K.L.:
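Let me give you the structure first, and then I'll get to my questions.
The structure displayed is predicted, hence computed values, not measured ones. Naming convention: chains lettered A, B, ... in sequence-line order (proteins, then strands); numbering from 1 in each chain. The figures that follow rest on heavy atoms only: side chains count, while hydrogens, waters and symmetry mates do not.
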Protein chains: 2
Amino acid sequence: MLGTPSRNRIAERREATRREILDAAWAVAREKGITALTLRDVAERVGMQTPSLYSHFESKNAIYDAMFGEAWAGCLEAMTAGIANAPEEPRAGLLHMMRTYFDYAVADQARNQLMNIRISADFEPSAEAYAPSIATYELGRQHLASIGVDSDADLDLCAALIGGLVDAQLANDPGGDRYARLLDGAVQMYADHVGL
Amino acid sequence: MLGTPSRNRIAERREATRREILDAAWAVAREKGITALTLRDVAERVGMQTPSLYSHFESKNAIYDAMFGEAWAGCLEAMTAGIANAPEEPRAGLLHMMRTYFDYAVADQARNQLMNIRISADFEPSAEAYAPSIATYELGRQHLASIGVDSDADLDLCAALIGGLVDAQLANDPGGDRYARLLDGAVQMYADHVGL
DNA sequence: GTCTATACTGTGATAGAC
DNA sequence: GTCTATCACAGTATAGAC
């Protein structure tokens, strides 16, 4: 079968093109904001005509969906590594985990907006893209349980606290550390509250 | 001057039309989401043609701007009343203030999204519309100072904490009370932390 | 002054040639 | 798979009737 590309080769090329499109989408989202992302801008950056994108993604929301999945997969990876390196001592371990999440979330505004869905009303992540988000939450739940914090209420409070700090940092002091500086104190406050 | 409407009457009619347009905009925003608000929907609800809106607002963002101002003016009003009715005792007073804000923010998802600007990249509130937002923040700052909490860091932490609970409530349990139930404990946690 | 009618630009999306 | 051509509909803006 000389001259006939193998099935693997075709699949590889297809996957590479998808990667190019997603990289372009991330670049545009960071430059212009996630809500200002347009298929024309993405296509131009890739060197395609706009309709050609539809050969690789069935809609703009499908691109958002893939980006959503990647964002949370990256978070899951960072958290897994972070927990593996966490100190044994409960309070220090908790702080380490919280800072790992905070740093990942704050590092990319567009990505964080996507992760928490402040995009468009009609975008709903698919079950597949949502999976790493659930896994990340589960990871946090298990870590808290391992240091004796096992009530749903305390887990929810932890998530709300860290989420509030992330949002405040990105909204009121993007690129700065006004809220990052509060993280240690906030974790101590939380640890005291849950009796750690 | 029979049959000639007075200047006041004209101004009243104009103001009434603006009110109708804003009410329609709020209704559409609540039904379809603040980002899905379109001038066509607003005009249809008022019984106008779309371009006629431009006789009363110079752009869509001008409508957003007026809504932004109204949202924060309402918050300022609620907070002013809340603080006037707040218990003397510091912790109870703090809880009262936090709950007043939480309840106002959680009562209307579209309004809250507007207040925290998760709308479009090009919308920036005018100084006039922003004023009640600043006044509300100042009110909170003064209340905290009155009970001995006067550091910027503690104020920021308070704002981030309540904001995180509001966002979590609206995002994860809209219409429910999963995070509303955590408010008392969260305020106790914060009060302990700042040495109240 | 306010409305109706209409046109312009930019967006996501589809059809069909190659 | 990619392209050209085109659609439907968004926000915006102007002209002209009343």
K.L.:
For the pair made of OH in B:Y54 and P in C:dT4, what is the distance, rounded to whole Å?
P.N.:
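Nearest whole value for this atom pair: 15 Å.
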K.L.:
Respond yes when some side-chain nitrogen or oxygen of B:R14 is under 4.0 Å from OP1 or OP2 of C:dT2, and no when none is.
P.N.:
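Answer yes for this pair, as a side-chain N or O of B:R14 is under 4.0 Å from OP1 or OP2.
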K.L.:
To the nearest Å, how far apart are A:L53 CG and C:dG12 P?
P.N.:
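Going from CG in A:L53 over to P in C:dG12 covers 10 Å.
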K.L.:
Between atom OH in A:Y64 and atom P in C:dT11, what is the gap in whole Å?
P.N.:
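Going from OH in A:Y64 over to P in C:dT11 covers 12 Å.
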K.L.:
Hey, are the side chains of B:R99 and B:D184 touching, using non-hydrogen atoms and a 4.5 Å cut-off?
P.N.:
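With C-beta onward as the side chain, the pair touches.
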K.L.:
Please determine whether the number of non-hydrogen atoms from other residues, nucleotides or ligands lying under 6.0 Å from atom CD of B:Q142 exceeds 12.
P.N.:
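Count over threshold, so yes.
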K.L.:
Between residues 18-52 of chain B and DNA chain C, which residues have a heavy-atom gap below 4.0 Å?
P.N.:
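Here the set is B:M48, B:Q49, B:P51, B:S52.
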K.L.:
Do A:L196 and A:I147 have side-chain heavy atoms sitting under 4.5 Å apart?
P.N.:
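The answer is yes, as the side chains (C-beta and beyond) meet within the 4.5 Å cut-off.
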K.L.:
If you measure from the Lys or Arg side-chain nitrogens to the Asp or Glu carboxylate oxygens, is any gap between B:D23 and B:R18 under 4.0 Å?
P.N.:
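Looking at B:R18 together with B:D23, the answer is no, because their closest N to O distance does not fall below 4.0 Å.
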K.L.:
Which part of the nucleic acid does A:S59 contact within heavy-atom distance under 4.0 Å: base, sugar-phosphate only, or nothing?
P.N.:
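It contacts sugar-phosphate atoms only.
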K.L.:
Starting at atom CG of A:D122, determine the distance to atom P of D:dC9, rounded to an integer number of angstrom.
P.N.:
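Taking CG of A:D122 and P of D:dC9, I get 16 Å after rounding.
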K.L.:
Can you tell me if B:H56 touches the phosphate of C:dG1, counting only side-chain N or O atoms and a distance under 4.0 Å to OP1 or OP2?
P.N.:
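For B:H56, the contact criterion (side-chain N or O under 4.0 Å from OP1 or OP2 of C:dG1) is not met.
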K.L.:
Can you spot which of A:L165, A:V106, A:V166 makes a side-chain contact (heavy atoms from CB on, under 4.5 Å) with A:Y101?
P.N.:
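Single pass found, and it is A:V166.
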K.L.:
Are any non-hydrogen side-chain atoms of B:T80 and B:L76 less than 4.5 angstrom apart?
P.N.:
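Side chain of B:T80 against side chain of B:L76, heavy atoms only: contact under 4.5 Å found.
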K.L.:
Just how far, in rounded Å, is P of D:dT14 from CD of B:E58?
P.N.:
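Taking CD of B:E58 and P of D:dT14, I get 12 Å after rounding.
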